[in-house]
Every structure is written in C-alpha cells, then in structure tokens.
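Since the structure comes first, as structure tokens, the remarks are kept for the end.
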Amino acid sequence: MKRILTGDRTTGNLHLGHYVGSLQNRVKLQDDYDTFILLADIQALTTHFERPELINSSIYDVAIDNLSVGLDPNKVTIFQQSKIPSIAELTIFYSMLVSVNSLRHNPTIKTEAKQYGYDDLSYGFLGYPVSQTADITFCKADLVPVGDDQIPHIEQSRKIARRFNDLYGKGEIIIKEPEILLSENSRLMGLDGNAKMGKSLGNAIYLSDSIEEVNKKVRAAKTDINRIKVSDKGNPDICTVSKYHKVFNEGEYKNICDMCKNASIGCVSCKKILGDKINNLLEPFREKRNYYENHKSEVKEIIISGSEKANKIGNETVKEVKSAMNILI
Ligand code: TRP
C-alpha cells in the first residue's frame, strides 16, 4: 500500500472548507492507502505562538473533527507533531538545503503573512515549509492529499528531497520525493463572499456547529446585493449562497439558479434549503462527535498510539539520514 500523509494546524476547530477541500478526500482514500494524519501543533505555533492553550485544546478538537467525518482509527494513524522528535531533527538538516529567498518568494507564505499582518517574518514562520517537508518525509509518504494552496510547499519539499539525495545519496534515494494529490473540489468561499473560508476570517461554518448555528450563519450569508425585494430578479453569479448550492446541493443547483433568475424563489427559502442540506451532511458527523466528546480517553489513546507508531518510523528514517550524511551514530 502506498502511504499518504496530510494534516492540519491545531489552531481551532475545522470547518466546511476543510471538509470540502481535504477531509472528504481523506475518508475516501483511507481504504486504499496507509494513511497518516498529522496534528500539526508545532506548525500551529508559527502563527499562534502567543496562544499555546488554544493549540493545546485544539489537538483534541482537530482529532475529533477528523474522526467525526468518518476517518477510522483502526485504519489510519493519527499523531501529534510535537511528539515526533525526528521531525525536528530532519527540519534542521533540511534547513541547510533551502535558500531564504526561495522561502520569501513562496506565494502561500506571502498570502498568509499578509493575512496575519506580518511584515518582519519570524524565522519559524518563514521556515515552516522546511518543517512541513520533515512532516512528509519522516514517514516516507508517497502522496500528500491537500488543497491547491499547499502546492508551493510540496514543490519545495520535492526540491529538498532531490537536493538531499543528490548530495548524500550516492546514487540511492534516501528521502522519497512526495507527490501532491490535489482534491477535486476547489476551495470553498467564505459566507461573507471572501474568496476563502478561514478560521481567522470569521466567515466559517464549523463541523462542530449545531443545527441552529448553521441555519443562523446561512441566513446571514451574502447574496446578490441588488436583489432587494422578492420580486427582483437575482443574479446567482454574484451570490455566495448559489456557490454553496453547487457544492452541497448539486442536484438542484441549476434549478435553483433558474428560479433565482426569474424571481420564483426568494433568498429566505433558498437559504432554508441550503441550511437543511448542510445540516443533513453534518448530522451523522454530529453523532460520531458526540461519541468521541464523551470518550476523550479513547481519543487520547488514539493519538498516543499513533504517535508511538510514527516515532518508530521516524527514528529509522533519521538513522538512515545520519548514516547517509556520515554523521556518526
Ligand atoms: N500547512 C498545512 C495547512 O495549513 C498543514 C500541514 C502541516 C500539512 N504539515 C503538513 C499538510 C504536511 C500536509 C502535509 O493546512
């Protein structure tokens, strides 16, 4: 079985954007791939270093988000980044092989720096693609299923692996070059019409939201601002709700757009239909979430045993790396 590795920063609960862009895909892949799910608490520090308590509680939250959507703890390995010292060791070795300029020019780093308001970047934040390379290669992952914002990082990882092998491999592959597995779905826009649904943007529906919270958020979603009265004809092209119908109510999407255009459905009813669709999707997840929320020690055990397994693999990789680099063990 080929191995995949993917993960999330532990900076709060995951939302529908994560589900559409990544989690849904993970659930499908878990039967055919040896799946590793990283709880990226160290990478979380790159942006949330002032909020360690949030990172800490999010380790459980993100693990439960993953389990609630149907990742099966008997099939997948869920583990905590800070419990894997080999990731930190590899990060240091790799850091010699990456130029500061290539990190500065990484488009995702640039976008995130802007989003967080950084002008003078911390060494850790600028370098997180290097540590992400260690996340991926410590377990020799073949594939990394992620959304398109991660493309620059995976390309960086491939370069580092190639460089490492060229320098130290003596014709052998020591570090496997990972491949990106892009999710079919494009990114989900925010409820406010912002291009991205984001935890820090305040425009997200969380997987942990209640029925009422979902309905309330959908009711407040941005629609065609020129449509004031029900009798006004709408323009679905500039309506957030229509974009969501496309994703969560595909079968009726065309019909709903037509009804909007000829004013035979109003925004209130259109939003009601969407809210119901999203709640139908989330309902089975809520049941699983409820179970795990009430069995936190089971979640802890899943993370601890997953981390032990990951550690063994990582220690082997570091041995091979040190041996290739001629570092005496
Ligand atoms: N950078 C990823 C994100 O922001 C999270 C992540 C950390 C990750 N390490 C990873 C994703 C390794 C894939 C592989 O979503």
Side-chain angles (χ1 to χ4, degrees), residues 2-26 29 33-48 55 58-59 61-63 65-66 71 76-84 86-88 90-91 94 103 106-113 115-116 124-158 160-161 175-183 185 187-188 196-201 204 207 306-307 310 313-314 317:
K2 285 200 171 183
R3 181 167 287 164
I4 61 180
L5 179 132
T6 188
D8 312 284
R9 293 181 193 181
T10 55
T11 54
N13 272 114
L14 302 183
H15 52 61
L16 275 181
H18 294 112
Y19 181 73
V20 169
S22 185
L23 297 180
Q24 192 176 23
N25 206 16
R26 293 176 198 178
L29 294 167
Y33 293 90
D34 182 17
T35 302
F36 278 63
I37 308 283
L38 168 80
L39 304 168
D41 58 343
I42 303 275
Q43 192 177 112
L45 282 167
T46 63
T47 50
H48 288 64
I55 295 177
S58 301
I59 291 166
D61 294 338
V62 173
D65 284 330
N66 273 282
L71 281 158
V76 305
T77 306
I78 299 179
F79 68 101
Q80 187 181 344
Q81 189 182 24
S82 63
K83 288 207 155 59
I84 317 298
S86 53
I87 292 181
L90 291 176
T91 302
Y94 294 163
L103 294 167
N106 178 310
T108 300
I109 291 279
K110 280 190 189 165
T111 311
E112 288 176 349
Q115 182 188 327
Y116 289 105
F125 175 79
L126 182 68
Y128 91 72
V130 183
S131 126
Q132 186 157 326
T133 302
D135 298 341
I136 297 166
T137 55
F138 89 96
C139 67
K140 305 189 176 166
D142 300 282
L143 293 163
V144 189
V146 278
D148 56 7
D149 60 323
Q150 299 295 306
I151 294 175
H153 299 341
I154 312 304
E155 272 169 5
Q156 180 67 264
S157 299
R158 292 170 61 80
I160 293 175
I175 299 300
K176 197 178 272 182
E177 262 184 62
E179 273 178 51
I180 190 161
L181 190 64
L182 270 188
S183 49
N185 287 315
R187 150 178 312 175
L188 188 63
K196 188 176 172 183
M197 181 178 275
K199 281 184 229 181
S200 54
L201 301 169
L207 297 171
S307 302
I313 298 172
T317 305

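Numbering of residues begins at 1 and proceeds along the displayed sequence. Atom set for the values below is all heavy atoms of this structure, side chains included, hydrogens, waters and symmetry mates excluded. As the structure lists them, so they are numbered: ligands from 1, and atoms in each ligand from 1. Here the structure is a predicted model, which is why all the values come from computation and not from measurement.
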closest protein heavy atom to atom 4 (O) of ligand 1 is Arg9 NE, 3.5 Å
In short, Ser86 meets Phe138 closest at the heavy-atom pair OG-CD1, 4.2 Å
Just wondering, do [Y] and [X] contact through their side chains at under 4.5 Å, heavy atoms?
X: Thr317; Y: Thr137; result: no
X: Tyr128; Y: Ile109; result: yes
X: Val144; Y: Gln150; result: no
X: Ile160; Y: Gln156; result: yes

With atoms numbered from 1 as shown, which atoms in ligand 1 lie under 4.0 angstrom from a non-hydrogen atom of [X]?
X: Gly7; answer: 5 (C), 6 (C), 8 (C), 11 (C), 13 (C)
X: Leu38; answer: 7 (C), 9 (N), 10 (C)
X: Val144; answer: 13 (C), 14 (C)
X: Leu5; answer: 12 (C), 14 (C)
X: Gln43; answer: 1 (N), 2 (C), 4 (O), 5 (C), 6 (C), 7 (C), 9 (N)

CD1 of Ile87 to CD of Gln132, rounded to nearest 0.5 Å, is 10.5 Å
Notebook entry, point to check: What about Tyr128: any of its N or O atoms under 3.5 Å from an N or O on ligand 1?
Noted result: no
Q.
Can you confirm, on distance only, whether ligand 1 has an N/O atom lying under 3.5 Å from any N/O atom belonging to Asp135?
A. yes
Counting heavy atoms under 4.0 Å, the part of Asp149 that contacts ligand 1 is neither
Within the 4.0 Å heavy-atom cut-off, what Gln150 brings close to ligand 1 is side chain
Item to complete: I would like to know whether Asp149 and Lys196 meet side-chain contact (heavy atoms from CB on, under 4.5 Å); could you show each step before the answer?
Response: CA-CA 11 Å; Asp149 60 323; Lys196 188 176 172 183; 4.2 Å; yes
